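First the structure, in the form of structure tokens, and then the observations on it.
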Amino acid sequence: MAQVQFINGQSLSNIPWQEAPEGIRNIPLWRYSGNPVIGRNPLKGVARIFNSAVVAYEGTFIGVFRGEQTNGIPYIYLGCSEDAIHWSFNEERIQFVDEDGESFMPIYAYDPRLVKVEDTYYVIWCQDFYGAAIGMAKTQDFKTFIRVENPFLPFNRNAVLFPRKINGNFVLLSRPSDSGHTPFGDIFLSESPDLTYWGKHRHVMGKGSEWWESLKIGGGAAPIETSEGWLLFFHGVAGTCNGYVYSIGGAILDIDNPSIVKYRCQNYMLTPEEWYEERGFVPNVAFPCATLCDADTGRIAIYYGAADSYVGLAFTTLNEAVQYIKSNSVVTSIDTEIGKR
Ligand code: BMA
């Protein structure tokens, strides 16, 4: 297969990396041998950090972390790292403000994603808005975080912004839900010229016919722009007699019209197997929220929450991930349509 390229990719020579282990590999992702990279009680007043997102920033790394406080309420904390493996965190929760500078602190905030579009970083998370809904804030310096209007009505989760405007508009993936443990869910896409008014809603992907994603799916890491289309790592959920199992899936969306799925991998890309994925506050969860990419080598580092208790790191290359998705792709007419019924 011809080499796949990142589009608008950056050099990231300090991306964390380990070569794939020897032996049988059934999946195109391999775990960092030092996982979990964030363990229990990582911070005063915080019992667990998981489902968190990182970016490269000024030669080092910075991230927004879901911290489960010792009162059980999740909030978002800022962390930084020299190597994207060892993290230190601000003890203070991120202090969000409204446009007018007034404090805005949601009752709870969880599952943050972090995406740079042009010169601004956007944090997107789930918060209470008369039920579970999407919250959003912007920052340019990781000191001031200014709230952006809530994009959608409740109930919704797993919102992920594309890293550039498409046809002049911001584009957001989301997963309409209920306010509880949502036993259903497809990925949709919405556009906005200004991050205030959202429309042109499209269906992107439905829960899969494969067992590992047969209950619901949700956006994961920000889509990665490549010569094959937008590479999306998402989560797929199976409902078993002992509860939900969250795996990592992979798909490639059309570059100009990402409501069209070009390829969708029928196999999971990673599923809970290690102790830190199978055992924890919620067992059997691998929940991807971010990637780092190095355009020079094609390396991809994937950050995922493990068992609602830890942060795990996994690796792949652009070629291996895309080749695996393409060679195991099954798309239905619901995937390949524009998604506007
Ligand atoms: C989902 C979200 C995630 C969590 C997952 C498994 O509904 O709440 O934050 O990781 O459940 O508990």
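Counting convention: from 1, in listed order, for ligands and their atoms alike. Because the structure is predicted, anything quoted here is derived from the model rather than measured.
- Outside the 6.0 Å centre-distance limit, the rings of F188 and H201 are not counted as a close aromatic pair.
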For residues 50-58, dump all side-chain donor-acceptor pairs below 3.5 Å to protein atoms at least two apart in sequence or in another chain.
{"unit_1": "N51", "atom_1": "ND2", "unit_2": "D111", "atom_2": "OD1", "d": "3.0"}
{"unit_1": "S52", "atom_1": "OG", "unit_2": "F50", "atom_2": "O", "d": "2.6"}
{"unit_1": "S52", "atom_1": "OG", "unit_2": "R66", "atom_2": "N", "d": "3.0"}

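- The existence of a salt bridge linking K262 and D254 is excluded, since no basic side-chain nitrogen approaches an acidic carboxylate oxygen closer than 4.0 Å.
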Please list, one pair per line, the donor and acceptor atoms closer than 3.5 Å that link side chains of residues 78-85 to other protein atoms, with sequence neighbours excluded.
{"unit_1": "S81", "atom_1": "OG", "unit_2": "D83", "atom_2": "N", "d": "3.2"}
{"unit_1": "S81", "atom_1": "OG", "unit_2": "D83", "atom_2": "OD1", "d": "3.0"}
{"unit_1": "S81", "atom_1": "OG", "unit_2": "A84", "atom_2": "N", "d": "2.7"}
{"unit_1": "S81", "atom_1": "OG", "unit_2": "H86", "atom_2": "O", "d": "2.6"}
{"unit_1": "D83", "atom_1": "OD1", "unit_2": "I85", "atom_2": "N", "d": "2.8"}
{"unit_1": "D83", "atom_1": "OD1", "unit_2": "H86", "atom_2": "N", "d": "2.8"}
{"unit_1": "D83", "atom_1": "OD2", "unit_2": "H86", "atom_2": "ND1", "d": "2.6"}

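- Below 4.0 Å from some heavy atom of V282 lie the following atoms of ligand 1, by number and element: 12 (O).
- By the criterion of a heavy-atom distance under 4.0 Å, neither the backbone nor the side chain of R157 is placed next to ligand 1.
- Taking atom 3 (C) of ligand 1 as the reference point, the nearest protein heavy-atom neighbour is D111 OD2, 3.2 Å.
- Neither the backbone nor the side chain of T182 comes within 4.0 Å of ligand 1, counting heavy atoms alone.
- Ring to ring, W87 and Y77 are not that close: their centroids are 6.0 angstrom or more apart.
- The ligand atoms of ligand 1 that sit less than 4.0 angstrom from a heavy atom of D308 are 4 (C), 6 (C), 10 (O), 12 (O).
- Protein heavy atom at the shortest distance from atom 11 (O) of ligand 1 is Y246 OH, 3.1 Å.
- Distance from atom 8 (O) of ligand 1 to its nearest protein heavy atom, with residue and atom name: Y110 CE1, 4.0 Å.
- Using a 4.0 Å cut-off between a side-chain N of Lys or Arg and a carboxylate O of Asp or Glu, R299 and E19 qualify as a salt bridge.
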